[in-house]
Amino acid sequence: MACRTLSRPVVFQSLSRRTSALRCFTGTSYAAPVVEPNHPGPVPAPDTPASRRERLREARPFSDFLTDNFNRQHDYLRISLTERCNLRCVYCMPEEGVPLSPPRELLTTPEIVMLSSVFVSQGVNKIRLTGGEPTIRPDILPLMRQLGDLRPRGLRELCLTTNGIALHRKLEPMVEAGLTGVNLSLDTLDPWQFQIMTRRKGFDAVMKSIDRVHELNKHGAGIRLKINCVVMRGVNDQEILPFVEMTRESDVEVRFIEYMPFDGNKWSKGKMFSYNEMLELIRTKYPTLQKVVGHKNDTSKTWKIPGFEGRIGFITSMTHNFCGTCNRLRITNDGNLKVCLFGNAEVSLRDILRESNGGEPIDEIIYDAMKASERDRQQGLAVQPVLDKLASSEKRLLETIGLAVKRKKEKHAGIGELEHMKNRPMILIDRLTHVSDTGSAHMVSIADKQPTKRIARARCRVVFTSKTAVQLIRDNQIKKGDVLGVARVAGIMAAKRTPDLIPLCHPIMITKVAVDLTVDDAAGNGNGSVDIEATVGCEGKTGVEMEALTAASTAALTVYDMCKAVDKGMRIEGLRVVHKEGGKSGTWVEGVQEGI
Ligand code: SAM
Ligand code: SF4
């Protein structure tokens, strides 16, 4: 996995991955890996086509779209398949269930497959299906088969979180489809208590599912089984030790989950049984309890009792957050992307996806037509307009996903500002396909120049005409959201797209972009300003002044866009380069003699 972190130019990275995503969007070309424009050359003597594909994938840098500002690489996607459930666990659902969404608002199976394809093309290697209760989705098996087909493109794990009621009936075809892991929820080993905690019968069915997993594993199914147990004080905390005992003979991981507050589940701190309390309790009976070193992205802390077959895990969302290594993204059943379980902010991927179908749900028939169009295109037949729409919505999807991921907070907390960006279209300007041979505009050849380290810094400011905007920005009360945060991301993304916007600009391998925004209360006759400074670095043959100017001006335009409702007269002023380093002309600083 080490080579996944190789740093590569962001510009090429995003373009090549986008191409790959387009082909897999319609599911027609899973087999072919994408070789990047500046790929070092053919890979020597492949063992098999599959292993060669795997190596090429490993050699690619991890997607910029799925990497956040804290360098967390999101390669794990959880998809909710339904809001329905056949149980009513007291900590999760009210007795009467939850209000159901109109069917057209929910993702169709083709839409789930299309979204999954895009995420896998960007480096997601693990998908977990959850819910509600995913096994009650009528088309769960065909859906899992289509997701299983993503394995040649990089999907390594296809997992399910289930209450186990219906699992035993569907387990075998699921394994055939590619199921690799089951997290099964079971909060008690007592059938009566089960009925109290889930408000339904079904204990025997759940045990049957557990037995079936073990049985299939004896025949080599290789399903990783974990049992999830939410611990509530005074309800099932007396079952912790019996659950630990389950790990004596059985190769299973029992995971104790701290009870979490969700809308309407009547959470109180007193009902939560903490990780430390659980450890203390388990140690009273099993003093040899040992910590197991886990994987860096594990959300659970794993322990083991020496001599026992299984392991014990703890999901400690309430007392010890694991945000620092969080690699997950979530898609809700109505197609919203959630970058954090505890964040309110959601952005609709469904709406972007459906743009290619006039805003209507994409069903099997439409999806088959899209795939046929893509096959036609590959065979050199006429390209149908639907493909253009598809490509455009795919671009927008990636941009939207990238923006949402970049907005992920360091630690879980509300990220409400993102919701305001839900329906904001990203302005995408197609790359110029040609520059006239004879026309007066032409790009200067840089073939003979030597690559050097270059830095450019540009500044500008947005000056306000009343004190309102600055006050609202400081309080994060601007209706469209967090002005400084959104403008920063916009500036960074714009720097990377400079050659797409400025006709004669060469694509450059940018190695660094930083956009700093500061609020100055005194500027503009005391009405205040937002001062913007963008710094761009590269190892290249041309300078990065244009990239720095593009970043600063786009950040300023974003501030303008987000504040125009409260200050119509604001001005963007003073856009200029203030510093540049590298190249033949050396260092230049604004106000200082050139050529220092
Ligand atoms: N129905 C499936 C199941 O129960 O496994 C999948 C969906 S369920 C919402 C996913 C997981 O969330 C389950 O393991 C469940 O125990 C856990 N969960 C639900 N509400 C919770 C809460 N308030 N605190 C902690 N975990 C919770
Ligand atoms: Fe249903 Fe799972 Fe929630 Fe229980 S935890 S009510 S099984 S969705």
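Note that ligands are numbered from 1 as they come in the structure, with each ligand's atoms numbered from 1 the same way. Atoms considered below: every heavy atom in the structure, side chains included; atoms not considered: hydrogens, waters and symmetry mates. Source: prediction; values computed, not measured.
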Would you check if R137 and R84 make a side-chain contact, meaning some heavy-atom pair closer than 4.5 Å? no

Could you list the atoms of ligand 1 found under 4.0 angstrom from a heavy atom of N228? 14 (O)

Enumerated ligand 1 atoms positioned under 4.0 Å from heavy atoms of N163: 2 (C), 3 (C), 5 (O)

Nearest non-hydrogen protein atom to atom 14 (O) of ligand 1, with distance, is S185 OG, 2.9 Å

From I240 atom CD1 to C229 atom SG, the distance as rounded to the nearest 0.5 Å: 7.5 Å

Spacing of E355 atom CD and E360 atom CD [to the nearest 0.5 Å]: 13.0 Å

Under a plain distance cut-off of 3.5 Å, with no hydrogens placed, do E133 and N86 share a side-chain donor-acceptor pair? no

Which ligand 1 atoms are under 4.0 Å away from a heavy-atom of V230? 16 (O), 25 (C), 26 (N), 27 (C)

On a heavy-atom basis, the closest approach of R128 and L160 is NH1-O, 3.2 Å

Taking the side chain as everything from C-beta on, heavy atoms only, tell me whether C323 gets closer than 4.5 Å to R72. yes

Y76 six-ring centre to K126 NZ/CZ under 6.0 Å and within 45° of normal: yes

For G132, the ligand 2 atoms with a heavy-atom partner under 4.0 Å come out as 8 (S)

Could you tell me whether K301 sits above the aromatic face of Y275, with NZ or CZ closer than 6.0 angstrom to the six-membered ring centre and within 45 degrees of the axis? yes

With side chains defined as the heavy atoms from C-beta onward, is the minimum distance between R255 and S300 less than 4.5 Å? yes

For atom 18 (N) of ligand 1, what is the nearest protein heavy atom, given as residue, atom name and distance? Y91 CE1, 3.8 Å

In terms of heavy-atom contacts, does CZ of R78 have more than 12 from other residues, nucleotides or ligands at under 6.0 Å? yes

Among non-hydrogen protein atoms, atom 11 (C) of ligand 1 lies closest to T161 CG2, 4.3 Å

Could you list the atoms of ligand 1 found under 4.0 angstrom from a heavy atom of I257? 25 (C), 26 (N)

Tell me the protein heavy atom at minimum distance from atom 6 (C) of ligand 1, and give that distance in Å. G132 O, 3.3 Å

Taken to the nearest 0.5 Å, the spacing of I401 CD1 from I352 CD1 works out to 7.5 Å

Check whether any N or O atom of T162, backbone or side chain, sits under 3.5 Å from an N or O atom of ligand 1, and answer yes or no. yes

Say whether E133, considering both its backbone and side-chain N or O atoms, lies within less than 3.5 Å of an N or O atom on ligand 1. yes

Kindly state if atom 8 (S) of ligand 1 has a protein heavy atom within a strict 4.0 Å cut-off, that is, under 4.0 Å? no

For the pair F314 and F256, name the ring-plane relationship: parallel under 30°, tilted 30 to 60°, perpendicular over 60°. tilted

May I ask you to list the atoms of ligand 1 that are less than 4.0 angstrom from any heavy atom of T130? 6 (C), 7 (C)

Strictly under 2.8 Å, is any N, O or S atom of C85 next to atom 1 (Fe) of ligand 2? yes

Given C92, S80, C89, identify the one with the heavy atom nearest to atom 3 (Fe) of ligand 2. C92

Looking at C92, which atoms of ligand 1 are within less than 4.0 Å of one of its heavy atoms? 19 (C), 20 (N)

Do protein heavy atoms approach atom 1 (N) of ligand 1 to less than 4.0 Å? yes

Atom 24 (N) of ligand 1: nearest protein contact (heavy atom, Å): M260 N, 2.9 Å

Any N/O pair Y259/ligand 1 closer than 3.5 Å: no

